[in-house]
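Working notes, structure below.
Labels below follow one simple rule: chain letters A, B, ... track the order of the sequence lines, proteins then strands, and each chain is numbered from 1.
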Amino acid sequence: MAETRRIPGGRRFGLILSAAPALWLLAFFVVPLGILVAWSFQPPGIVAALRPVLTLEAYRSTLSAGSYWRVLARTGVIALTVAAVAVALAYPIAYALAFAARRRRSLLLTLALLPFLTSYLLRIYAWRLMLGAKGVLNELLQAIGLTHGPLGFFLYSRTAVVLVLIYVWVPWAALPIFLRLDQMDRSLIEAADDLGADRLRAFLRVTLPLSMPGVFAAFFFVMIPTLGDFATASAVGGSGGQMIGNIIQQYLNSLSYPSGAVLSVLLLVTALVAMTVGARLSGIRDVGDVRV
Amino acid sequence: MPKVLRLLAVLSALAVVGAACAEEGGGGGGGAAPFPSSPPAAEDAGPLRLLEWAGYEIPEFHGPFSEAYPDVKLEYQFADAGSSFYQKVATGGVEVDLAHPCSNWVQTWYDAGLIAPIDVSRLEHWSELDPKMRELGKIGDQYYFVPWDWGYESLIVNTDMVKDVPQSWADLWDPQYEGLIAMEDFSEGAVAMTAWAFDLPYPNLSDEDLQFIKDKLIELKRNIKLFWAGSTDLVQAMVNGDVAIGYGWNDQFAKVVDGGVNAVYVDPEEGRGGWVCGFVVLKDTPHYDLALKYIDSAISPEVGKNAIDMYFLGHSNTKSVELADPKTVETLGLLDTDVQARTNFAVPLTAEQRDTFNQIWSEVLAA
């Protein structure tokens, strides 16, 4: 493990380099975030512009609705499921890229990222053609005689949301794991082999533990944006698959900004708590521990 | 004769004084708001600025106006939902002379002090408009909204998938329709439909009524498969057989039938719902008379014919259907005066009512 060594003049150069992105983040992230929080302290209702009042009324009226806590819990379960499955599916891909692909590696990496050339929304809509009553999946099941009529739960359901989100995120999840595996010192595996460990044992005792920071990074890469997703749920989620992002969108569309802002703050806090707990559990103390 | 003229002169002078007094009363109820002053259309070079729905800027929708005022430029801005029409104007984001919101928003525009009363005596075609739709925009003694396009909101039912076609809004709660319904993601529509089904006085609902409606809608979720937001989403879901019953518009019904589905458009016992959109004139317009001329052109039967034939819309001028393609008129159910008379056209809501309905709907979506 290499010590982080100080570079002469590195501090000043670093500050200069980071000035532009810092200003950018300040203008387009920190300030809007502040505006969002300010909206959450406005009286609830349809309001055209911020007024100089400060009240907790929107918090009271919004957080007292039990259904919002349920939809938050449902969103959390969906995000955890999607992140866990996406990482599990991404790991073999990353492993193959790092250890098996050799010369074809850049081709395979390109192929894995190819779907991103198509718009996200378009790909979600394409899933409707796959999962619908007259979709590819149902036709296939009927053709091979497994079912006798179309199954309705593939599309417009929580299952559909989870399925589509996993599909969307697997290639992303593979990247941090791949980078971690790729940077691994291979002589460690050779050493394990020399010391009599079989392949499985070497994987479980050496490769997997060393790649865990990549796995955790991939997990949060997927989980955090999934918590706030609404496009997928609104396209394939149906009445049972609505996520908290859809409720926020409903509020913003109807110009009820204060209540929408309250739910956004709630979502933000949830994500922060999830990340803190995750970092604690995974033993990540420093961003340097997460190599992506 | 001169005597009569003199009498008339005195009377009109009195009327002017009376109007001026009313004006000084300053909107304190009762008094009629003045019509904005502007040069007569013939002397006004424009340009006329409109806030429209995308696709409504086509020449077929303003033929007579462009013929009469060929030098006036029409400048369009666009919005895509009732809320964004309001937001764009209320926040000062766009400055226009005319806008095209729907009847349910008129009260909100009025309460925000954005719109001017419309001098309907200057509209040649006003008397030809559907009387029921005309009244939707009447606040006090004045009209603030001229209806232009309209459509039904009812149930599109796939008769191959559903044996017992629902005959009323209340039937939707029948367990036999479990997972078969597509509902519009639209708070006002959902609340109105439930109010009609259980005979509650929409939109003036008590707290108990609202709680009851919320519970009923949450209960209905068992039967609802999906919420549609874009018009084609419903058509697609029905054509693909993902749902059997759709809460939708008559133009969507026409498209579903076009897609090869054996479907009927229900005429519920409580009456269909109906949406009506139209024109409001902004208070600060310097082109008031010109704006009225534009409206008069839009509500002419020849423009109405295009609205029906090209966009499958209903048109507020009752004479439009006579010019339009009979087959389209038939499919859209535009001539069915019986049905139309029983239709619950969307009444203007106050901001508070809309906000309450949105709150209910958000909780229903989340439940």
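A/Q250 approaches B/S362 most closely through the heavy-atom pair CG-OG, 3.2 Å.
Interface check for chain A: of the options B/V364, B/D185, B/D233, the most heavy-atom pairs under 4.5 Å are formed by B/D233. Of the residues considered (B/M183, B/R222, B/Q359, B/Q236), B/Q359 shows the highest number of contacts with chain A, using heavy-atom pairs under 4.5 Å.
Expressed to the nearest 0.5 Å, how far CD of B/E363 lies from CZ of A/R70 amounts to 9.5 Å. In this structure, the separation between OG1 on B/T91 and CG on A/L255 is 9.5 Å, given to the nearest 0.5 Å. Remark: B/D242 CG to A/L131 CG distance equals 9.5 Å, nearest 0.5 Å.
At least one donor-acceptor pair closer than 3.5 Å links the side chain of A/R74 to the backbone N or O of B/A366. A donor-acceptor pair under 3.5 Å is absent between the side-chain atoms of B/K225 and the main chain of A/Y156, judged by distance alone.
With contacts defined as side-chain heavy-atom distances shorter than 4.5 Å, the pair A/N246/B/L365 does not qualify.
Remark: B/E95 CD is loosely packed, at most 12 non-hydrogen atoms of other residues, nucleotides or ligands lying under 6.0 Å away.
Identified by a heavy-atom distance below 4.5 Å to chain A, the contributing residues of residues 350-358 of chain B are B/A351, B/R354, B/D355, B/N358, in residue-number order. Of all residues spanning residues 81-90 of chain B, those with a heavy atom less than 4.5 Å away from chain A's heavy atoms are B/S83, B/Y86, B/Q87, B/A90, arranged by number.
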